[in-house]
Structure formats: structure tokens, C-alpha cells
Amino acid sequence: MSKNNNLSIVTKGILKENPVFVLLLGTCPTLAVTNNVFGAFGMGIAAMIVLICSNMLISALRKIIPDGVRIPSYIVIIAGFVTIVQMLVQAFLPELNDLLGVYLPLIVVNCIILGRAEMFAGKNTVGKSALDGIGMGIGFTLALVSMAIVREVLGAASFAGIAIPFLEPYKISFLVKAPGGLLVYGVLIALVYIITNGKAPKKRSFSCEGCPSRATCNPSACGGEKEEA
Amino acid sequence: MMKHIKSILTLFVICAVVSVALATVNGITAPIILDRQNQAAAGALLEVMPDGGTFEKVDLSEYELPASVKEAHKASNGGFVIQIEWAGFNPGNITMVGVSADGKVTGTKTITVKDSGGNGKDSAAEIPAMDANGYYVGSDINTIDGVDTIGGVTVSTKAYRAAVKDALAAATILGGGSYVSPEQLLLNNLNAALGTEGVEFDKHFFAEVLEGVDTVYVAKNSAGYVVVIGENFIGVANGAVVGGVDGETNAIAVSAEDKATAETSVATIKATTYTDIDLTQYEGISANITSVKVTNGGVYVIEIDGEGYGINGSYGSKEHIQIKVSISADGKMLSCETVYQNETQGFGDACSKAEFYEQFNGKTLSDYTDTRTEIEPSERKDYVSDIDAIAGSTVTSAGYKLAIMNAFNAVKILEGGAN
């Protein structure tokens, strides 16, 4: 593993292949927890821990797990790590647990985790998978936090729960509600596209390879070709 | 075959390893989580009883407590924290009440407020403010009824006060004492007066003039009547007095005067006959009057529809409340009760409670300043200014009063007076 290669594995998740703004994965928690910076950061870190651990374990077991039980095995591993994280958060960060509510256990079905397990960890070494988890986790966390900053500061005139009094008369309450979340999400997707100068990977460049649904979905939708039965 | 066995074994081993990992982490975190939950619960308990020390949950199944009591914790200082669920405007309000060992409220905290609305005030704001201000702190079971309700949110605060009283009663019982609710005490007095046990009673509708009598109860099993004169309950069976008790179920010797009054009253009730009046023979009587009967004593018993709010209707709808009144020939209301109502729960249904409709008993037309028998919907608020209207239910209150004014008017016409 060259240093450059390792670095690119980490950095691609931050912007070029950002799971939220480029790959459009994990939209549900993105919209749900980004009305508060503290909650968004907590969710990002929790997802990152699960992502790193599950990537590493899945990578380590990739030659042992038979193809036929690959997805169930991945789900059990991911669910195990999510439950461990949930129990730890409940025990040591109860405020964060209350803030994230049902979205914490729902990390189990976060597309980013299963997607990276299938697309990366299942095919790469433990080290590379850990770096992929770190990169994707940082990208996910940054995306959530950036959305949360916009929504909380402009929508609630506060930052991480700390009031910003001079913004109070100008706050746009709509932004902390679900439609406001969608609006901010759309604007930030467009912004990332502009920043990357439209060079964010086209869907074709990462194609359908590794996607759990590739055998059943419409191939033209993501630029791939449907597998033959 | 081997492929399948390998798949099964692999998945089994993964599940087993994950289970062991989860069990291990759970073993570490579960006591911490439980400890935090206990601390949080104790924190809430200490809010209403700062001197409570430590708390132990009480098994309520061993006690007969008011239905509103949902949970209780015994404090190390001998007091109790009682959790009560009560209904004001809406059901589902939950309040924690701290009760000291000497039976006084140490604090209240409403953890779930479902009530909202009021007349110029909002109970959703008033109830937490009452908690914060220690509104009931220091009250005991004998003084709690003397604590004022808050105007504008009368329904909520009255229900809240009753709930706090339930908590005080529960604390008394849990502390080894005894408490008899006013309803149970009344039932005990009625049975003791009549020499019965476990019999239920109906309040008698006064369709005749019974001088010197406050209330009459009729045993549902036809065992007899209990006539209430002042504080005394006097049982009458087969036309003769069979016993009497004071308001505390203690037997008393019934005076000759009370004996005569009770027996005469029951004889009058039994002898009362009713004659239907054909309203088509009269002009000017409201079409909302559905039935008029006259007793052999010359008292009119009138059933009449009132225009309420109506749970299925809108403001000004014809969804009705139906009331029954008895008015003597000289224009005095002897009795008033709600026969039917379909008003919004928590608001207009207060009209079905005796404390509302009994305010009209003993009144004559001259007791009211506004005696109109027709009003515009916009005039309802002013129209009810001379009665104790239901807070937040002007439409229902106005509908009630309008019906009563029409009943008075009908009696005037039936007695040959001018419309």
C-alpha cells in the first residue's frame, strides 16, 4: 500500500465520493438529525465507529464467509456493532442517546455501512477497509455537521444548543423542519458539485458493482448493465 | 451439500460471536444504564420532595386506592411521592405529588400536560406555573378543597385539585391510615340510615314541593328512601322512619319534627301523579319544549332542548342538550337536571354535573337580569353573565340558560300570564 494510495482512500470519502452529497446515501438520518449540530456530530461519529469496525471485520472474514450468506452475515456484524455503540451511548452519553432517539439503532440499515461493506470491505484488505471507513465516516460526519450548522444557526438562531441572540429576530424556523432540511440538502449537493467543478464521479464510474440490488434494479438508472440471470 | 453446511455453520458462528460480544458489552453497560435511570427517576421524585432521601417503589396491588393513582414511591423520610393521572379539559395529564409523613403536599410537578385552552388563559401554561409556584404546597386533605381554582381555567384547575386530593388520600392509605372519599361517605350514610348494606341510591328529582327537606335519595333496590335534613340522614321504609345517622354514619335519635317531615315527604313523593299538558292549546310556548306534565301538587315538570355546542356540530349548531326542570306554579324552580348531552368532553359536558345545573334550583325569574327567550349567537357571552357559566363553554352555558328561560316562560303562559 503506497502512502498516496492510502491517503486517496481516506480523502475520496470526504469530498469526491462523499457518501451524503455525492453518493446520496444515508439520506434518512441526514435529514432527521441535522437540525442540531451536537446531534449531527454524534450521529456522524457513531456511524463512523460502526463503519470502521464493520469494514475491518468484514474484510477480515471476506474469504471465510460463503457468498450465499454474505449479506445476512454483513447485516449481523453491522447490527452487532450498532447495538454495541447504542449500549455504550446509552450508558455514557445519555443526552446524545435522547437526541438521536430511534435514528441511532437505525444505523443498522444505513446504506453507507452496507454499501461500503459490499463495495469495498468485501474486496480489500483490513487496512484499506479501515481507511475507507475512516474516510467515509469523516465525509458523513462533515456532511451532517455542515448541514446542521446551516439549519440550526439560520433556523433556530443557535449553535449546538447555545443561543445566538442577535440572530433571533432573523431566524428562518422553516429550516429546522423537514422541508427546510430537504432544501438545505439540495443546496449543499449543488454546492459540492460546483466545488468539485462537476468532477465528482459519475454514477457510471463506480457503476453497480458491489451494489446488493444490482441483480434486480433498472441498469440504466445507474449507468450499469444488468447482470444476466 | 457441504456448501450449504458451510454457509449454515459460518452464519451460526458469526451470530454466536456477535451474541457473546453483545452479552459482554451489555454486562458492562446495563448496570450503568440502570443506575442512570434510577438517578433520573429519583431526581424527579426529589423535585417534589427535596427531603425525601432515597425512594422505594410501592406495590399498589395490596391497597385500595383512588383510580387516578398510578404509581407511588415511599421516601426514606416517611413521606410518599404519588403519581396521578387525571382529566381536565383532556385526559392523560400526569402529575407527581410529594406528600410528607404528616400528610402535607411538599411539591407537585406535572410531567405530562395534555390540557390546553381556557377562557382568556391557557391551562397548558397555568398548570406548570402552579407547580413552579408551589400552589398546593402545605395543603393537607382537610384544607385542599379550600384552595381556590384559577378563573379562566376552572375546569383544569378543579380537576387538578381533585387529583392532588386523590394523592393525599393515597398517601394516607399507604401510610397505614384510612380515608373515605366523600362519595363513599355519602353511600355509607345512606345505607346506615336505611339499615342496608351495599345498596346504591339515585338522587330524587323534586317534582313536588317538599318543605324543610334538602335532598331525597331513592334506593335502587326499592328498599326505601333516605331524606336529608341539614346534616342528618333519615331512612324511611314502608312509610315509616327506620333509622337516622349524622353525616359521619353515627346513629342518631331522630327528632319528632324531622320524623314527621321525612315521612310526609316520602308520602308526597309516592302520591305524586303526573298529567300531560297538550301544548297545542297554548300560544307562545317555545317549540324546543318537548314535554310538560303537571303534578297533582300543581308543579310543572318540563323537558326542553337547549342549543349546545354539540360534539358533532359547529358553533351555533342545533346539536342539543336536553334538560328536565320542575317549576312550581308560583315560578320557583324546584329541580333541574341534564337528561341528555352530547357536548365536547372536558368542556361542555360539565353541564351534566350536578354542581352546574343545581345552581338553578330555588331560583325564580326575578333572580336573572337577562330573561330573554331568544338571543343572537353573538350575544351569548353577555347573556350568561348572570349565571355561573362553565369556563370555556359559553355556548353550552348559554344554551342551558336559554332553555331555562323558555321553561319559566312556558309556566307563565300555562298559569295564564302574559307571554
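Each chain gets a letter, A, B and so on, in the order the sequences are listed, and its residues count up from 1. Given the structure is predicted, the values throughout are model-derived calculations rather than measurements.
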Atom of S73(A), atom of L11(B) and distance for their closest heavy-atom approach: OG-CD1, 3.5 Å
Locate the shortest heavy-atom distance separating V69(A) from S7(B); write the atom from each residue and the value. CG1-CB, 3.7 Å
Check the surroundings of atom OH in Y135(B): do more than 12 heavy atoms from other residues, nucleotides or ligands lie under 6.0 Å from it? yes
Do other residues, nucleotides or ligands put more than 12 heavy atoms under 6.0 Å from the NZ atom of K70(B)? yes
Could you tell me whether K12(A) atom NZ has more than 12 heavy atoms of other residues or ligands within 6.0 Å of it? yes
Under 4.5 Å from a heavy atom of chain B, the part of F92(A) involved: both
In this structure, OG1 of T29(B) is separated from CD of Q86(A) (nearest 0.5 Å) by 10.0 Å
Inspect the surroundings of CE in M56(A) and state if more than 12 heavy atoms from other residues, nucleotides or ligands are less than 6.0 Å away. no
Closest approach of Q90(A) and R36(B), non-hydrogen atoms and distance? O-CD, 4.1 Å
Under 4.5 Å from any heavy atom of chain A - which part of T10(B): side chain
Chain A shares the most heavy-atom pairs under 4.5 Å, among V18(B), T24(B), N26(B), L22(B), with L22(B)
Please state whether the side chain, the backbone, both or neither of P94(A) comes within less than 4.5 Å of a heavy atom of chain B. side chain
In terms of heavy-atom contacts, does CZ of F12(B) have more than 12 from other residues, nucleotides or ligands at under 6.0 Å? no
Is there side-chain contact between I14(B) and I65(A), with at least one heavy-atom pair below 4.5 Å? yes
Among I32(B), I28(B), I33(B), residue most engaged with chain A (heavy-atom pairs, under 4.5 Å): I33(B)
